[in-house]
Structures are given as structure tokens and as C-alpha cells.
Amino acid sequence: MGYKTHNLQRLLDSKVNVHHYQNIDNLDALEKYRAMHPLFTMRFDSEKKIKDLPFYVYDDAKHLDDKHEYLKQIMKEAQSSGYTLLCSDGYKYDSILKFNFVIEKQANYDFMMELCSTKVPLRTMYQYKTTIIKGNILERKYEYINRDDNKYTLDDIAFVLDYVMDKPYSYFEGTLYQKEVGILKEPIVIWQTD
């Protein structure tokens, strides 16, 4: 089991909402996962903290004819590099996301938040224009570094900041959705923390 999988388990143990996930290390398990999840993402996972490991999206509609070969190639690539796959069903909710976000929070509650409302996996949000907001959570004062064309409300920003305010982490990667999702059925899912 890899670093990212351990992080998700730690979050869930701390009552922080995450999407349903499974760590997979063989093709049979991957095929069984696919049978239950026609839309999902696969991220390579390692015992070491490594950034930007390979990331793939599976969609039955797009891979209907070659699904076995596509998954077989990904599993072979992961195994030959000594990785497992962290699979998540979060991709199926991209159509109802409000925005993906990355937040850095200081001990004095100063924060910097980058968000993107394009309906894509958080992993790919930096391929699109982002909005950067900084300020102080307690004072409710926000300053925009750039605004771009992302769709959000100040109520949404306040809701996300309230959610992360009392969490014992200083870095968050997450998504705000239009409805409750994930294992704990909340409108926010956290993908990664420090």
C-alpha cells in the first residue's frame, strides 16, 4: 500500500471525507474494480512520497472495445515500476463539482487558495485557468491575486474555509460539489493533505 493510499486512510480515520477508493496490485483486482465502477481514476502509488506519478482515467464508454488491453497496459506499467494503483470513483462526480481547490493554511489562519471550476479531475486542474485568493480565515478578508473566469460564490469560499479551519493540516487538495458525495456523504472531498 502506497503513500497516497495511507494518506486517504488517515484522512478517513480522522473523519475527513474522501471518495471511495481501493489500492490495487494485480490485474484481476483491477478488472473486478472496473466491473463495479464504469468511471474511475487510477493513480500510481508508491511507499515513498513522489509527486506527479502517472494518472489515468477509465471510462467504459470510451474504452468499451479495448478495456481489457487498456487496463492490462496500465497494470503492467505500474508493476514494472514497482507501483500499485490507487483507484477512486470520484471521476463520476466531475459533472457536479463546483470547483477543485488547493489551500495552504498558516497557524495564524492566513491562507492562500487556488481554485478551478472546470469540471475535470483535480489532478488536471492546472491545465486550466485558476483563481487565486489569499487572506485570513478568521477575519473573513479576501484579496484576489487573479480572478479569471472561474465560477464560485463567496459563500462557497467561506464554506470551504470553514471546513478546513479546524482540521489539523496546513495543506489541502480537495473538491467542492453541488451535493453530498464520498464515504461520509459531505459536499467536500479531500484528496490530499500534508
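When a residue number appears, it is its place in the shown sequence, counting from 1.
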Is there a donor-acceptor contact under 3.5 Å from the side chain of [X] to the main chain of [Y]?
X      : Y      : result
Asn100 : Val120 : yes
Asn136 : Asn108 : yes
Lys105 : Val164 : yes
Ser81  : Ala78  : no

**OP:** Kindly indicate whether a cation-pi arrangement holds for Lys167 with Tyr163, taking the cut-offs as under 6.0 Å to the six-membered ring centre and within 45° of the axis.
**Re:**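 Ring-cation test returns yes.
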**OP:** Count the heavy atoms of every other residue, nucleotide or ligand shown that sit under 6.0 Å from NZ of Lys119, and state whether that count exceeds 12.
**Re:**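 Yes, the 6.0 Å shell around NZ holds more than 12 heavy atoms from other groups.
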Subject >> Side-chain H-bond candidate by donor/acceptor type, Ser170 with Asp194, under 3.5 Å >> reply: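 Yes.
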**OP:** Using distance alone, with no hydrogens and no angle criterion, decide if Gln192 and Tyr169 have a side-chain donor and acceptor under 3.5 Å apart.
**Re:** no
Subject >> Aromatic ring pairing Tyr83/Phe44, orientation class (parallel under 30°, perpendicular over 60°, tilted between) >> reply: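 Tilted, since the angle between the ring planes falls between 30° and 60°.
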**OP:** Could you label the plane-to-plane angle of the Tyr177 and Tyr93 rings as parallel, tilted or perpendicular, counting under 30° as parallel and over 60° as perpendicular?
**Re:**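 The arrangement is perpendicular - the two ring planes meet at more than 60°.
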Subject >> Check ion pair Asp45-Lys4 (N to O, under 4.0 angstrom) >> reply: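 Lys4 and Asp45: not salt-bridged.
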**OP:** Mind checking side-chain contact (heavy atoms from CB on, under 4.5 Å) for Asp13 and listing every partner two or more places apart, or none if nothing turns up?
**Re:**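 So Asp13 forms a side-chain contact (heavy atoms from CB on, under 4.5 Å) with Gln9.
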